[in-house]
Amino acid sequence: QVQLVESGGGSVQAGGSLRLSCAASGVINMWLHMAWFRQAPGKEREGVAVIGSGGNTLYADSVKGRFTISQDGAKNTLFLQMNSLRPEDTAMYYCAARYGETWYLLRENDYKYWGQGAQVTVSS
């Protein structure tokens, strides 16, 4: 099992930057893959970015070129650097993790472990 605790987030004007962090504890091994999701009011939760245990990354088209997912060397902290933020990026952001052989999955139902969420608000 793995436990996830997010930090960061907040409010920023359009064009600004924010960085989210997610501290992971528990069983961290080569089969653990981590991702960021977000959910805006009245909308379904959507995948933002995923990083495999080998460091491969995949992004949703809506954030490609603006957001960067990364991990520290020990792979117990996940980051999401968000640049050029837009009002439509406003959402609750969640850190998620799963064990498995396939690293590039970015569907909500594929992830078993979730953080509590961090609010990101972008004003125009």
Side-chain angles (χ1 to χ4, degrees):
Q1 288 191 342
V2 63
Q3 296 77 42
L4 306 171
V5 178
E6 295 119 339
S7 59
S11 298
V12 66
Q13 288 190 329
S17 298
L18 284 172
R19 188 192 201 201
L20 299 178
S21 299
C22 174
S25 59
V27 180
I28 300 173
N29 58 30
M30 62 178 293
W31 306 111
L32 184 68
H33 312 295
M34 300 183 71
W36 288 100
F37 286 77
R38 67 185 181 185
Q39 187 168 20
K43 295 188 177 182
E44 294 184 353
R45 192 172 297 186
E46 63 173 351
V48 174
V50 56
I51 185 166
S53 60
N56 295 324
T57 59
L58 181 70
Y59 297 90
D61 287 343
S62 58
V63 305
K64 203 172 294 184
R66 301 187 298 122
F67 290 13
T68 302
I69 188 172
S70 63
Q71 288 178 306
D72 68 351
K75 299 182 181 179
N76 55 14
T77 305
L78 180 72
F79 303 100
L80 185 68
Q81 177 66 42
M82 304 181 290
N83 299 328
S84 302
L85 282 161
R86 305 167 179 169
E88 53 264 39
D89 294 318
T90 295
M92 185 72 78
Y93 283 71
Y94 297 91
C95 171
R98 57 179 290 276
Y99 296 100
E101 294 185 359
T102 306
W103 69 268
Y104 51 80
L105 300 180
L106 202 53
R107 300 171 300 191
E108 180 181 3
N109 290 342
D110 291 317
Y111 287 79
K112 182 176 181 180
Y113 305 99
W114 294 85
Q116 81 282 6
Q119 179 66 39
V120 171
T121 302
V122 184
S123 59
S124 58

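Heads up: numbering here begins at 1 and tracks the sequence. Scope of the values below: all heavy atoms of this structure, side chains included, with no hydrogens, waters or symmetry mates.
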Is any side-chain heavy atom of Ser17 closer than 4.5 Å to one of Gln81? yes

Just so I know, are the side chains of Gln1 and Tyr113 near enough to count as touching, which here means a heavy-atom distance under 4.5 Å? yes

Do [X] and [Y] land in one hydrophobic cluster if side-chain heavy atoms of ILVMFWY residues count as linked below 4.5 Å?
X      : Y      : answer
Phe37  : Tyr104 : yes
Leu80  : Val2   : yes
Leu106 : Trp103 : yes

Spell out, as yes or no, whether a donor-acceptor pair under 3.5 Å connects the side chain of [X] to the backbone of [Y].
X      : Y      : answer
Asp110 : Leu105 : no
Trp114 : Tyr111 : yes
Glu6   : Gly117 : yes
Tyr99  : Val27  : yes
His33  : Val50  : no

Please enumerate all residues that pass side-chain contact (heavy atoms from CB on, under 4.5 Å) together with Val12, with sequence neighbours excluded. Leu18, Leu85, Val122

Apply side-chain contact (heavy atoms from CB on, under 4.5 Å) to Lys43 and list each qualifying residue two or more places apart in sequence or on a separate chain. Ala40

Minimal non-hydrogen separation, [X] against [Y], with atom names:
X     : Y      : answer
Ala97 : Leu4   : N-CD1, 3.8 Å
Ser70 : Ile51  : CA-CD1, 4.0 Å
Trp31 : Glu101 : CZ3-CG, 3.8 Å

What is the distance from atom CG of Asp72 to atom OG1 of Thr77, rounded to the nearest 0.5 Å?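 Reported to 0.5 Å precision, the distance equals 4.0 Å.
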
With rounding to the nearest 0.5 angstrom, report the CZ to OG distance, Arg66 to Ser84. 7.0 Å

Might you work through the side-chain contact (heavy atoms from CB on, under 4.5 Å) test for Met34 and Gln71, ending with a clear yes or no? CA-CA 9 Å; Met34 300 183 71; Gln71 288 178 306; 3.6 Å; yes

Can you list every salt bridge (Lys or Arg N to Asp or Glu O under 4.0 Å) pair that touches residues 21-39, not counting sequence neighbours?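 Checked against salt bridge (Lys or Arg N to Asp or Glu O under 4.0 Å) - neighbours excluded - the pairs reaching residues 21-39 are Arg38-Glu46, Arg38-Asp89.
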
Does NZ or CZ of Arg45 come closer than 6.0 Å to the centre of the six-membered ring of Tyr94, within 45° of the ring's axis? yes

Kindly state each residue pair satisfying disulfide (SG to SG under 2.5 Å) with at least one member in residues 18-119, sequence neighbours excluded.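 Of all non-adjacent pairs touching residues 18-119, those that pass disulfide (SG to SG under 2.5 Å) are Cys22-Cys95.
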
According to the side-chain hydrogen bond (donor to acceptor under 3.5 Å, both in side chains) rule, which pairs have a member within residues 115-124, sequence neighbours left out?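 Passing the test, one end in residues 115-124: Gln119-Thr121.
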
Donor-acceptor contacts under 3.5 Å from residues 53-61 side chains, at least two apart:
| from | atom 1 | to | atom 2 | distance (Å) |
| --- | --- | --- | --- | --- |
| Ser53 | OG | Met30 | O | 2.5 |
| Tyr59 | OH | Ile69 | N | 2.9 |
| Asp61 | OD1 | Lys64 | NZ | 3.0 |

Would Trp36 and Leu78 satisfy side-chain contact (heavy atoms from CB on, under 4.5 Å), going step by step from the backbone distance to the final call? CA-CA 9 Å; Trp36 288 100; Leu78 180 72; 3.3 Å; yes

Parallel, tilted or perpendicular, judged at 30° and 60°: which one describes the rings of Tyr93 and Phe67?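 Tilted, since the angle between the ring planes falls between 30° and 60°.
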
